Amino acid sequence: MSAAEQVEQQKPNGDVAEPQAQDVAEVDAQVNGEEQAEGVHIPPVTIRIPKPACARTVPKPKEASEPRDRLTIYPQPNETMQDLKLLINDWVGAYWLGPYSLRLPFVKSEEEPGRGQVFSKKQDLTEVRAGEKLNDWMEVQDAFAHLGEDDERVLEIVREPYGEFTARQSVLRLLELIAPAGTSANTTSTSIALQAGLTIFEAVRDGAISSGAETHYEEVEVALPSGRKGKGGKKEVVKVKRAVSGDKAHAFADWKGDWQSARLGDLPTSQPLLEVAPSLRSIQISPFNPPPPHLRQLGHQLYLQVALLEGETVTIVCSTRGWYVSKSNVNNFDPSPRSNADGSAAAPTHSLVDLLHSLSPLFSERVSHLAPLSTEPQSMDPISTVAIPQAEPAYPWLATAPKPATAPEILRTQLAFLHTGAYGADSVDAARDWNEEIQGIRELPRSTMQERVFREKMLQKVWAEFDQAAVRAVQSVARGDIPAINPAEDARAHMYLQSNIFITQGDSDALDAYSHLGGDAAMRISHGKDAAGVKLLNKLDVDGVYMLGHTIVDWQGKRWICQSILPGIFSNRRKEDEEEETSAAAAEDSEAKKDSKEDWLMAQIGTVARLAEHTVKDGKGEEHKFYASAEVKGLRGTDGRRYLLDAQRLSPVDIEWLEKDAEGKDGAKYPHRLVMLRPELLETFWESELKRWARSVAEKAQAKKDEEAKAEASKEAGPSTGTDTAAADKADGEAATAPSAETNVAELPKEDQSPAAEAAAAHRAEEEKPVDASVVGDIKQFELRFNPDAFVEQAPTKGSDKPFLPSAITDESDPSIKAVRDASVFLRSIAIPAVVLDVLTGNTSGLMDGAALTKHLHGRGINMRYLGHLASTIVQFSAGPDGKEKDETGHLAALKAVTIQEMVFRASKHILRELIAGLQPETITYAVSHFLNCLLGTEFNSSPSAVYNPIGVSDREVEPAYTELTPESLRKQIIEVVQTRYRWSLDEDYLTSGLRKKQLLRELAMRVGFQLAQRDYVFSKIEEAANAQSDEEKEKESNKSGKDKKAKKAKSNAVTQKRSSTFEPEDVLTLVPIVKSTAPSVTVAEEILEAGRTTINRGSIDLGLEFMLEALQLYENIHSVIHPEVAVVYNQYSQAIHQLARLKIQQVAATEGSDPEQPLGLDVATALRLQRHAVTIAERTLGVYHHETAGYYFNLAMLENLEGNAQQALRYFRHVLSLWDVIHGPNHPEINTVLSNAGVVLQAINETSLALALQKQAYESTLALFGSTHIQTGQSLHQLTQSHFLAGDMPAALSTSEQALSIFTARLGEEHAQTQEVKKNVELLRAVLENVERQKERNEQLKKESQDRLKAARERVSLGAGKGRRLGRTLGNANGGVRIVDPATLAAAAAAAGQPLPQGIASAAPTASGEAAAAAAAEGSNANAGLNVGARGTESVEELVRFIQGQQQPSASAKNRGKNALRGKRRTGAKR
């Protein structure tokens, strides 16, 4: 919910007001209404399926209760027959079917003999008749409308005759069956780059990727059946590689405690394709196609050539009746059917799959291991392998070129025919009319939820297909395959038409339309803003406003604009007859303009986009009222629809930048003057102004109430004294300022802050003051709109020497013009400091790289030209209380590092784009590799040389500009571009020693668009030596383990990696197009998702989660599952479950007497499943090494830990650390969070020593990043205290807890909850240590007393010996020389030996031995329970000696065991 809605709907007690509840209720009612409509479930439908010709086609069921001749489906009433067909085709008993129709069982009609009975008729005159084909788009409820609720519903599958289209579809379905996507058998797919849409999630999940980011494989034997029956049938045994876990115990078992950066050559970028044995040797369209006319008249549709695994090659003919094997061979054509074994002619088989089963037993065996026939669980999740239907797949920035480069596959060249049926250029159908498709879908009804979902689903589908077609068209145009439609004009102004897509160059101002704003640079920005405006209008979706299909493709250094064709744009008629121009600059009829439909439509857009109605002049100087900018045009095409064009000025100008930064202090002008504010900033500014207005209204209302109350009090009580008035004023002042103080305390810790940070915190506290919505009144009274034409500079007149004409709309007394100025000031003074404040206080996380920073800043409405201002603000926030600059620490240091590297990246991107624009494709690889050497490889080779191979078409070929590039000149250019574009003075030392080179290389590859060969790129001589040493160690280990082949391979790789420069031209494998789509978000699902969040915040958790699941299903339905937007929603739902679970756990812990094992009442298992899918989808659509993928992995690790899956959580935490290493590198505060969480999980599995090591590493890193007095350091110390405590090191635990207490006391105050918690820990640890010390002192005292008594006993013994007396007196009647020993003497001797006395001695001599025994027990000595020494006061001398020495007396059973063992050894001849 937006902040404005909070102001509008917040009640004094914090409850949600009725308007919001009403909105949620409306959504709830709409959803429930649709659910009730869908909830009218009809009884199950039974589908009767015909029997195949071959017995092997359909496998036999394991149980007799699973018939294969019928299928029971439980459809929804609004599902169509086509939806049922999709379910049928995926079932094991019906996968083989050819073309068929669904029909009701035949019931003879009495009125029309020979035809079926008519069951029902619809309003459109269509009828449902028994035994006749049902329309594929008929809904299920209409087909069974004539039946009662309890009647059986049956549909029969009836085979249909073949046509050429259905024949081609049968071949495509066969390919989907035997060569699924993501398997080794799929050799027909083609993509625009290497390794499209791959994932490594399952390898990470299973532990196959080790901590060193290296995948381990093992060779396993797999038996493949030969297909023969009987005893002669043998199984073919082959060896395949399978990924196995490299971790023996857990993911952190080999953690060494230091940050180890992974080598680029070892990074996992994909997992091996699923191995699938081929079911056919080959399949292709027969060269005898197309059927000649006389055979087509006989029903021939298609000829197919198939090579079976048994070695036979057959030509299969598809006729109207089905498929049969002809007598044709490779060279001779004979369409007659091949005879059976008995000589009879074979009848056609209706199904192609059925025919192949009958021809090849090996085909049956191989297909039985594929879906849907296989009963074995799939080794890979289908979401990891299926084709991506409606999203652009991610291409890894490090790829491996396939070896061999390509495989022979004739069918790959015939796919176009299978999809289109065109044998030649003359039979190719006209290209799709993209504009008619898009506008036709927009005109679909949208009154109900079902209609909205269907409409948005079709829109997303056609937009995705348009984007794919645009990429293919741009590549054809860039290669020079498509001629220009205006070849006589300048090459920079050429326009192209391909696949009904209008293509122009987006970075060349050939017509000088933007010469006054910056020429080519302004033109490039203009097209980007135009696409943003089109996307905004598509999202607003105003009825009656039509937008062309629009996509931007950045490819090989150029920007291409792809649009659908405006109807009538190429017509030769007069424009006045064909188009209605509604642009204010070209309007001719003012009355028509005022009352036109376009004016009403623009008013609708202006209301939603917060644009003000303003006066503009047309070409004749007449004034008109208009909402959008004067540059926005409204054209009516020949189809009668009204189209909006040139939507780049839907946002106002950033006047502050034009006045303060466009020229530059040192004369470095900004490249263009087309600088505008982002729509997100306008929304943020509008909400801020709404809050300010609401506060002012509330304050005035409160002041009025106070005055009235004082007046009434004065009337009742008479005149008041000055003291009472002063006291009342003071009380009012305290009440007014209290919320602000509370906000400051809650928002910022008590630490020294810079003036800039304090000012930002004060503004935040002021904005977050609660507002009494009851006194605000109607929010419609607040009015704030922006004039899009304010401060817009105009083109100069002909002959003028001025570069541009100043704007005439600058009167800031107009509120709409003043709002433009205020918004521009707000961007600098409020929005940018707010970003830094959120990072400082920890409210913003995940800013790992420049892409994450860009997305975050754009979401906050900040243009990337303000990167320099952002860096300056960081410096200001890092200053001391006196304003003096200090070094950045903690989160601010990390943010500044990412900001500066982003400026370097963007400067590098601009330079590289200019270098490669216009070059031949093979020359681009030389340019890119030399550029990378000059930027990143200077420590390895300080003077890289450029390589250029002329094409050879002319003797006067000019060497391109990249050949003159040197490291020095490149650094100079980067510094200039950073200063010019971002107003930041970059130090040259940063480019030589401050760059994070691996991370910058990744961003250049991913965001400029090129793939590098995966290898260890060496950036310095030191790194080369370290890699060589590491390779030698690996070679020694492999030699010791006997892996000679791998050792030789590693050695050969080490030899080939020695090169003169870091990058070489062959390292650049291919360039990847960057697509910027204008497809909007899914509004219907967004509304329900927002309703779910709001409902959860209101306390209705179950209902809110149901809303979120409903929205999630809509996202899946509209986008299809594999789409980045679906991954976002999966992640949001899982995060909601995780946060709710943690809240419930905290509530249970805080409740006395509650059961900690009680269920949480949340579906954590579903959240886990969705989060795993989110990770897989993100890897396939965003990239394996993408900042959002890393965030999804972290959330998944937390969920796994919540569910108790410690091993899985540790694997994901370890992988998150690997992602941080690749994306950001070390020294980021959030890495310490990952280490700390991993340590907590290790503590749960009793890995206390390793957990302590991780917590120590996290603390040391936090200490280095934040300093010894920062609150983050206190948090880390608090975690470290727990690790020390669990490890048993109480002194260390007390020391760290005392340090944490001092930090929390200084920063948060003594009364803070966290301070109190740490204080209790300190008191507890001190008490424990004091008890230990007291016990230790007592033990020492007892030990000393026992030693004194032993000494006294020895003296008495020696004294008795001198008088001729012995230790004890001998009993005359005792056997074996048994002596009577004095108990006191025995106690002294036992105490000296550290042994406790048995009970008999203790009772006999309590004084002499009690304290000694207690001392011995206190020191942890074990009592000899089985020893009988002193039990009767008499023992043998040998037993006494053993007792004093602490030896145990062997029991009888032990003696017997010893004898038996010895005897057994003697019997077996074993040596003693």
Side-chain angles (χ1 to χ4, degrees), residues 434-435 469-531 533-534 548-573 575 578-579 581 583 585-586 631-633 635 637 643 645-649 671-674 794-799 803-804 910 913-921 958 960-961 1073-1074 1076 1078:
W434 293 106
N435 190 73
V471 171
R472 294 191 297 267
V474 164
Q475 290 182 322
S476 299
V477 170
R479 288 193 300 262
D481 301 338
I482 308 300
I485 60 177
N486 56 339
E489 298 183 13
D490 185 4
R492 299 169 64 236
H494 279 175
M495 297 178 289
Y496 305 88
L497 189 62
Q498 170 70 2
S499 302
N500 271 343
I501 299 177
F502 188 61
I503 303 173
T504 57
Q505 299 183 47
D507 47 12
S508 59
D509 186 22
L511 302 178
D512 292 334
Y514 289 88
S515 59
H516 64 292
L517 296 176
D520 292 349
M523 173 65 78
R524 184 182 181 90
I525 296 298
S526 172
H527 283 295
K529 296 298 182 182
D530 185 21
V534 171
L548 298 176
H550 195 122
T551 298
I552 294 179
V553 180
D554 291 336
W555 168 247
Q556 293 186 352
K558 290 186 177 181
R559 169 161 290 185
W560 301 90
I561 311 303
C562 307
Q563 295 174 308
S564 60
I565 300 176
L566 177 68
I569 193 172
F570 296 119
S571 175
N572 291 327
R573 296 181 181 179
K575 182 178 296 185
E578 296 294 328
E579 300 175 353
E581 181 87 34
S583 169
E631 297 183 9
V632 177
K633 298 179 179 62
L635 301 179
Y643 296 88
L645 305 178
D646 299 337
Q648 63 269 18
R649 288 225 182 249
H672 61 87
R673 300 183 66 84
L674 191 64
Q794 303 297 323
T797 57
K798 293 183 179 180
F804 60 87
H910 289 297
R913 190 180 64 229
E914 293 176 358
L915 290 176
I916 65 177
L919 296 180
Q920 291 293 328
V958 180
I1074 305 298
K1076 298 182 179 180
T1078 59

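As a basis for the values below, the full set of heavy atoms in this structure was taken, side chains included, without hydrogen atoms, waters or symmetry mates. These figures come from a predicted structure and were not determined experimentally.
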Please step through side-chain contact (heavy atoms from CB on, under 4.5 Å) for the pair F804 and Q794, ending with a clear verdict. CA-CA 6 Å; F804 60 87; Q794 303 297 323; over 6 Å; no
Does the side-chain contact (heavy atoms from CB on, under 4.5 Å) test come out yes or no for L548 and N435, once each step is laid out? CA-CA 7 Å; L548 298 176; N435 190 73; 3.2 Å; yes
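With Q498 as the fixed residue, the side-chain contact (heavy atoms from CB on, under 4.5 Å) test singles out one of D481, I482, V474: I482.
Annotation: salt bridge (charged side-chain N to carboxylate O under 4.0 Å, His left out) contacts involving residues 519-530, sequence neighbours excluded, comprise R492-D520, D507-R524, R524-D554.
Residues I485 and F502 form a side-chain contact, since some pair of their non-hydrogen atoms from C-beta on lies under 4.5 Å apart.
Note: N486 CG to L497 CG = 11.5 Å, rounded to the nearest 0.5 Å. Taken to the nearest 0.5 Å, the CD atom of Q563 stands 11.5 Å off from the CE atom of M495. With values rounded to the nearest 0.5 angstrom, I569 atom CD1 is found 11.0 Å from Y643 atom OH. Once rounded to the nearest 0.5 Å, the distance linking OG1 of T504 with CD1 of I561 reads 5.5 Å. Atom-to-atom distance recorded for H516:NE2 and R673:CZ is 10.0 Å, nearest 0.5 angstrom. Here the CG-CG distance, from L645 to L635, works out to 4.5 Å after rounding to the nearest 0.5 Å.
For the residue pair S526 and Q648, the shortest heavy atom distance occurs at O-CB, 3.6 Å. Of all the heavy atoms in A647 and V632, the pair that sits closest is CA-CG2, 4.4 Å.
In terms of modelled atom types and a separation under 3.5 Å, the side chain of W434 and the main chain of S499 share a donor-acceptor contact. Remark: the backbone N or O of Y514 is paired with a side-chain donor or acceptor of D509 at under 3.5 angstrom. In this structure, T1078 contributes its side chain and V534 its backbone to no donor-acceptor pair below 3.5 Å.
Under the 30°/60° scheme for interplanar angles, the aromatic rings of H494 and Y496 are found to stand perpendicular.
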